[in-house]
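See below for the structure under consideration.
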Amino acid sequence: MNPNSTPRDLILAALHLRNFDAVAPFVLSLKRTGFQGRLVLFTSRVSAAAQNELRQHGVEVVPFHFSGKRDRQPLARLWPLWRWYFSSGASASAKARLAHRVFHLRYRRYLLYAEFLQQHGADYDRVLLADSMDIFFQADPFAWDWSPGVHFFLEEKKLRLGDCRLHRLWLGCQFGPEFVERHAGENISCSGTTFGDTASIREYLAQMVATIMQARNLAKISGGDQGIHNYLLIEKKLKQVIVHPNRHGPVLTMGVMRAEDYQMNNEKLVLNEDGSVPPVLHQYDRLPELKKRLLAGLPPQEVRVKRL
C-alpha cells in the first residue's frame, strides 16, 4: 500500500457502521505482506477519526451515504415497482441512480465497485473484491500464478446449496424454489473473495448489478448477494471462469473448518493440503484459537482489537 508507487493491483472493499478496529487485521496483515498495490475502502457512517487512521495506513477511503438501518434499505419493500423500472427503457444512468437508493447495502457495494472501475479501471491489471472484516493476509494476495478470467473460490466440499438454510432462502427469493431444487447439489462459492483481471471483474460486476435488478424479490432479504454470485457461476453467465476447490488455491475459506482441519508450518502460516501457503485466509475469525495466533503476530502497538 504505497501511495507513491504506480500500482497495477487493486483491492476493493466496503465498511459500514464500524471503526478502525474492525478492519485492523485486514489492513495490517496486508501491509505486512509488502503489498504495493492500492486498497480502496468504501465507507459509510464511519467516523472521521477512523477514516484518518485508515489513511495513515495507506488506505484510500471513499465515503458514501447509506441511509438504511444497518445493512437494510427500507425502500426495498417496494421491490416489485423497482424491478419493473429496472426492466423499463430508462437509461442506464437513471437505473443506477435508483439502485443507489433502493439496493440493500451488500448489493449496493457491487454498484460502487462497478462505477469506480468505470472511472479508474484503465489504471489496473488485476482486482480483488474482498470482505473487509474476516480476511487475514499471509502473503501478497496477487503473488500467485494467474490466468485471465474471474476466479471463484469454493467453500468446503461438504457444503451444498440445498443443505444451507440461508442459501435456500436467498436463491428461492431471487430465482424461485425450482432453481434451488435443480441445483441443490452444487458446491457453494463464497462471494467474499473474487479475483480477476480488470476486464473480467468489470464484466462480473455488470452481471451482478444487472441480475440484482431482476431478482424476483429482494424485499425479504438484505444479505443475499452470495446467491447472485452462485447464480452467475451455475448459469455460466461469464465469458471466462476459473473455479478453485477449497484447500487447493490462493484463498482458504475457513468458515466451517475445525481446528483439526488445517495445519500450520514452523513460521505459523496456515497451509493448504499440498503444503502451499494460501495468501488469503477468509473467515479465519470463526476459529478462536487460530484468530488468537494470527493477531498475536501483528504489531501490538497498532492492533487494538480484542485478544481472545
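Just the heavy atoms: all of them, side chains too, but no hydrogens, waters or symmetry mates, feed the values below.
- By the 4.5 Å heavy-atom criterion applied to side chains, Leu129 and Leu205 are counted as neighbours.
- Other residues, nucleotides and ligands contribute more than 12 heavy atoms inside 6.0 Å of the CZ atom of Arg72.
- Side-chain heavy atoms closer than 4.5 Å link hydrophobic residues (I, L, V, M, F, W, Y) into clusters, and following such links, possibly through other members, connects Leu78 to Phe66.
- The distance from the CZ atom of Arg45 to the OG1 atom of Thr43 is 12.5 Å, given to the nearest 0.5 Å.
- In this structure, the separation between CD1 on Ile228 and CG on Leu218 is 6.5 Å, given to the nearest 0.5 Å.
- The minimum heavy-atom distance between Leu15 and Ser132, with the atom names listed, is CD1-OG, 4.0 Å.
- Although no hydrogens or angles enter the test, the distance criterion places no donor-acceptor pair under 3.5 Å between the side chain of Arg216 and the main chain of Cys173.
- For the pair Asn272/His248, no side-chain contact is recorded, criterion being any heavy-atom separation below 4.5 Å from C-beta on.
- Other residues, nucleotides and ligands place no more than 12 heavy atoms under 6.0 Å from the CZ atom of Arg18.
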- Message: His151 vs Thr194, test: side chain to side chain contact (heavy atoms under 4.5 Å, CB included). Steps then yes/no.
- Response: CA-CA 6 Å; His151 293 254; Thr194 306; over 6 Å; no
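- Grouping the Ile, Leu, Val, Met, Phe, Trp and Tyr side chains by contacts below 4.5 angstrom, directly or via other members, places Phe103 with Leu98.
- Side chain of Gln138 to backbone of Pro278: a donor-acceptor contact under 3.5 angstrom is found.
- At distances below 3.5 Å, at least one donor-acceptor pair connects side-chain atoms of Asp197 with backbone N or O atoms of Gly149.
- Within the model, atoms NE2 of His167 and CD of Gln174 stand 9.5 Å from one another, a figure rounded to the nearest 0.5 Å.
- Nearest heavy atom pair, residue Leu75 against residue Trp82, reads O-NE1, 2.7 Å.
- Using cut-offs of 30° and 60° for the angle between ring planes, the His104 and Tyr107 rings count as tilted.
- To the nearest 0.5 Å, atoms CD (Glu203) and CG (Leu117) are separated by 13.0 Å.
- Without hydrogens or angle criteria, Arg126 side chain to Gly196 main chain gives no donor-acceptor distance under 3.5 Å.
- Met254 and Leu269 sit in two unconnected hydrophobic clusters of ILVMFWY residues. Membership requires side-chain heavy atoms under 4.5 Å apart, directly or through other members.
- Tracing side-chain contacts under 4.5 Å through hydrophobic residues (I, L, V, M, F, W, Y), one never reaches Phe152 starting from Ile242; they form parts of separate clusters.
- Between Pro63 and Gln51, the shortest heavy-atom distance links the atoms CG-OE1, 3.6 Å.
- Taken from CG in Leu41 to CZ in Phe26, the straight-line distance is 7.5 Å, to the nearest 0.5 Å.
- Side-chain contact between His57 and Phe20: present, with at least one pair of heavy atoms (C-beta onward) separated by less than 4.5 Å.
- For Asp140 (side chain) and Phe35 (main-chain N/O), no donor-acceptor pair under 3.5 Å exists by modelled atom type.
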- After noting the C-alpha distance and the side-chain angles of Gln73 and Arg108, does the key distance pass the side chain to side chain contact (heavy atoms under 4.5 Å, CB included) rule? CA-CA 10 Å; Gln73 175 53 261; Arg108 190 177 168 200; over 6 Å; no
- Lys237/Thr211 under side chain to side chain contact (heavy atoms under 4.5 Å, CB included): CA gap, chis, key distance, verdict: CA-CA 10 Å; Lys237 294 293 185 179; Thr211 307; 5.8 Å; no
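- Remark: the backbone N or O of Leu232 is not paired with any side-chain donor or acceptor of Gln207 at under 3.5 angstrom.
- Judged by distance alone, with hydrogens and angles left aside, the side-chain atoms of Lys157 form no donor-acceptor pair with the main-chain N or O of Pro245 at under 3.5 Å.
- Residue Lys158 qualifies as enclosed at atom NZ: its count of foreign heavy atoms under 6.0 Å is above 12.
- Around the CZ atom of Arg55, the shell of radius 6.0 Å holds more than 12 heavy atoms that belong to other residues, nucleotides or ligands.
- Taking the side chain as every heavy atom from C-beta outward, Pro250 and Val280 never approach each other to under 4.5 Å.
- The backbone N or O of Gly249 sits nowhere less than 3.5 Å from a side-chain atom of Trp144 that would complete a donor-acceptor pair.
- Residue-environment remark: CZ (Arg182) exceeds the threshold of 12 foreign heavy atoms within 6.0 Å.
- Between Tyr113 and Ala14, the shortest heavy-atom contact is OH-N, 3.4 Å.
- Judged as a ring-ring contact (aromatic ring centres under 6.0 Å, His included), the pairs with a partner in residues 274-296 (not counting sequence neighbours) are, in order, Phe136-Tyr284.
- The shortest side-chain heavy-atom distance between Glu181 and Arg168 falls under the 4.5 Å cut-off.
- Residues Leu252 and Asn246 have side chains in contact (heavy-atom distance under 4.5 Å, counting atoms from C-beta outward).
- Of the possible polar contacts, none joining the Trp146 side chain to the Phe195 backbone as a donor-acceptor pair under 3.5 Å is found.
- At a threshold of 4.5 Å between side-chain heavy atoms, the hydrophobic network of Ile, Leu, Val, Met, Phe, Trp and Tyr places Leu105 and Leu17 in two separate groups.
- The two residues Phe179 and Glu235 make their nearest non-hydrogen contact at CE1-OE2, 3.5 Å.
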- Message: Run the side chain to side chain contact (heavy atoms under 4.5 Å, CB included) test on Leu281 and Leu294 for me, step by step, so that the C-alpha distance in whole Å, both residues' side-chain angles and the decisive distance to 0.1 Å come before the verdict.
- Response: CA-CA 10 Å; Leu281 301 180; Leu294 293 174; 3.8 Å; yes
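- In this structure a side-chain-to-backbone donor-acceptor pair under 3.5 Å is present from Arg77 to Pro74.
- If you look at His183 and Tyr231, their ring centroids are not closer than 6.0 Å.
- Of all heavy-atom pairs between Ile11 and Ala130, the closest is CG2-CB, 4.3 Å.
- Residues Arg109 and Asp225 meet the side-chain proximity criterion, which asks for heavy atoms closer than 4.5 Å.
- With a 4.5 Å cut-off on side-chain heavy atoms, Gln226 and Trp170 count as touching.
- Annotation: the span from Glu155 atom CD to Thr253 atom OG1 amounts to 5.5 Å, rounded to 0.5 Å.
- Using modelled atom types, one finds a donor on one side chain and an acceptor on the other under 3.5 Å when comparing His100 with Glu115.
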